[in-house]
K.L.:
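Dropping the structure in here first, questions after.
These numbers come from the heavy atoms of this one structure, side chains and all, not from hydrogens, waters or symmetry mates.
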Amino acid sequence: MKNSYLSLFFLIGINFIVTSCYYPKVEVTSKEYNSIVYKKKQKIIFENNNKIQDTVLIYLNYPKGFEPNFDFWWNRKISKFDSISTKRKFGKQFTTYTNYEKNKYKKANLNLYLFLYYTKNEDDNGLILHTSDFKEKYNLNDYSLNDTLVFKEKDNLTLCDSENCLKKIKYLKSIGIVYLEKGNGEIWKLK
């Protein structure tokens with residue numbers, strides 16, 4: 001009898017853990033998903049105004065696409081940031097890596113370090129594109145926007161006192177990042 005109570009308690013505990021760790025996800029349409037121009041890992045080449053090229057590796061840093069169950073549970077239960085009906089947000093984070101091993105010019109690098117986010121919260125009307133250093137956020141489903149999206153207003157937390165920091169980014173909806181302007185005035189364009 002004692003073992004059956006213990007078994008029942010154990011099964012109820014496991015059931016509670018499993019059901020409390022599953023949360024619904026924000027739905028992303030195939031059209032929204034297809035507006036993510038970058039794949040899991042790819043090389044892109046930029047050329048500066050002195051005709052020097054730099055290869056940048058851009059890769060998917062957060063492959064699952066949705067906020068992890070535990071993180072979501074922690075924010076809801078411990079940080080108490082949301083209501084019970086909130087769904088886990090969709091998010092893809094791409095990271096850049098320069099100083100790529102095949103670069104011809106080791107001294108003249110783009111030194112691009114950037115996070116590019118595609119996110120969708122429950123109350124968003126589409127997939128939102130934003131970066132780590134700029135305030136601008138663009139809804140990729142907003143057809144009133146031009147095809148060229150410009151990031152130029154720096155986040156208050158990001159200081160641009162270095163010649164390597166980015167002052168401006170141009171992003172084409174169908175291609176991705178095509179133009180970068182650094183703090184020293186150097187311009188890099190997608191080749």
K.L.:
Do I177 and V56 have side chains that approach each other closer than 4.5 Å (heavy atoms only, starting at C-beta)?
P.N.:
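No, side chains not in contact.
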
K.L.:
To the nearest 0.5 Å, how far apart are NZ in K31 and CG in L127?
P.N.:
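Here the interatomic distance stands at 12.5 Å.
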
K.L.:
If hydrophobic clusters are built from ILVMFWY residues whose side chains come within less than 4.5 Å, do I175 and Y38 share one?
P.N.:
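As far as the 4.5 Å side-chain criterion goes, Y38 and I175 are connected within one cluster.
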
K.L.:
Say you draw a straight line from NZ of K152 to NZ of K170; how long is it, rounded to the nearest 0.5 Å?
P.N.:
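Here the interatomic distance stands at 9.5 Å.
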
K.L.:
Check the pair L190, L172 against side-chain contact (heavy atoms from CB on, under 4.5 Å), reporting the backbone distance first and the verdict last.
P.N.:
CA-CA 11 Å; L190 184 66; L172 285 179; over 6 Å; no

K.L.:
Using ring pair (Phe, Tyr, Trp, His ring centres under 6.0 Å), reason through Y33 and Y118 one step at a time and then give a plain yes or no.
P.N.:
CA-CA 9 Å; Y33 199 81; Y118 296 88; 9.5 Å; no

K.L.:
Hey, does the Lys NZ or Arg CZ of K154 hover above the aromatic six-ring of F134, less than 6.0 Å from the centre and inside 45° of the axis?
P.N.:
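The answer is yes, since K154 meets both limits relative to F134.
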
K.L.:
With a 4.5 Å cut-off on side-chain heavy atoms, are T131 and Y171 touching?
P.N.:
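Sidechains of T131 and Y171: no contact.
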
K.L.:
Which atoms form the tightest heavy-atom contact between K173 and N146, and what is the distance?
P.N.:
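It is CE-O, 3.5 Å.
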
K.L.:
Could you check K189 against E47 for side-chain contact (heavy atoms from CB on, under 4.5 Å), going step by step and ending with a plain yes or no?
P.N.:
CA-CA 5 Å; K189 294 181 181 177; E47 185 174 84; 5.8 Å; no

K.L.:
Answer yes or no: is there a donor N or O on one side and an acceptor on the other, between the side chain of E153 and the main chain of E136, under 3.5 Å?
P.N.:
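No; judged by distance alone, with no hydrogens or angles, the pair does not exist.
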
K.L.:
Between S174 and V37, is the side-chain contact (heavy atoms from CB on, under 4.5 Å) condition met? List the steps.
P.N.:
CA-CA 7 Å; S174 58; V37 296; 5.7 Å; no

K.L.:
Closest approach of N50 and N48, non-hydrogen atoms and distance?
P.N.:
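Answer, listing the atom of N50 first, then N48: N-OD1, 2.9 Å.
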
K.L.:
For N184, I'd like to know if atom CG has over 12 heavy atoms of other residues, nucleotides or ligands within 6.0 Å.
P.N.:
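Correct, the count exceeds 12.
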
K.L.:
May I ask whether L116 and I45 are part of the same hydrophobic cluster, defined by side-chain heavy atoms of I, L, V, M, F, W, Y residues being less than 4.5 angstrom apart, directly or through others?
P.N.:
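No; tracing contacts between hydrophobic side chains, which count when under 4.5 Å, never links both residues.
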
K.L.:
For a quick test of reading the model, state the closest non-hydrogen atom pair linking E27 to E32 and the distance between them.
P.N.:
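Nearest heavy atoms, E27 then E32: O-OE1, 4.2 Å.
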
K.L.:
Counting C-beta onward and ignoring hydrogens, is there a side-chain heavy-atom pair between L149 and L140 closer than 4.5 Å?
P.N.:
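Yes, at least one pair of side-chain atoms sits under 4.5 Å.
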
K.L.:
Taking atom CZ of F115 as the centre, report whether more than 12 heavy atoms of other residues, nucleotides or ligands fall under 6.0 Å from it.
P.N.:
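Check passes, neighbour count above 12.
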
K.L.:
Nearest 0.5 angstrom please: N125 CG to K120 NZ, how far?
P.N.:
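So the CG of N125 and the NZ of K120 are separated by 8.5 Å.
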
K.L.:
For V150, does its backbone N or O pair with a side-chain atom of Y138 as donor and acceptor, under 3.5 Å?
P.N.:
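Yes; judged by distance alone, with no hydrogens or angles, the pair exists.
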
K.L.:
Please report the closest heavy-atom contact between T119 and D124, naming both atoms and the distance.
P.N.:
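It is O-OD2, 4.5 Å.
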
K.L.:
Testing the basics here: between I128 and K137, what is the closest heavy-atom pair and its distance to 0.1 Å?
P.N.:
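Taking I128 first and K137 second, the nearest heavy atoms are CG2-CB, 3.9 Å.
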
K.L.:
Which pair of heavy atoms, one from N139 and one from N141, lies closest together, and at what distance?
P.N.:
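The answer is OD1-N, 2.8 Å.
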
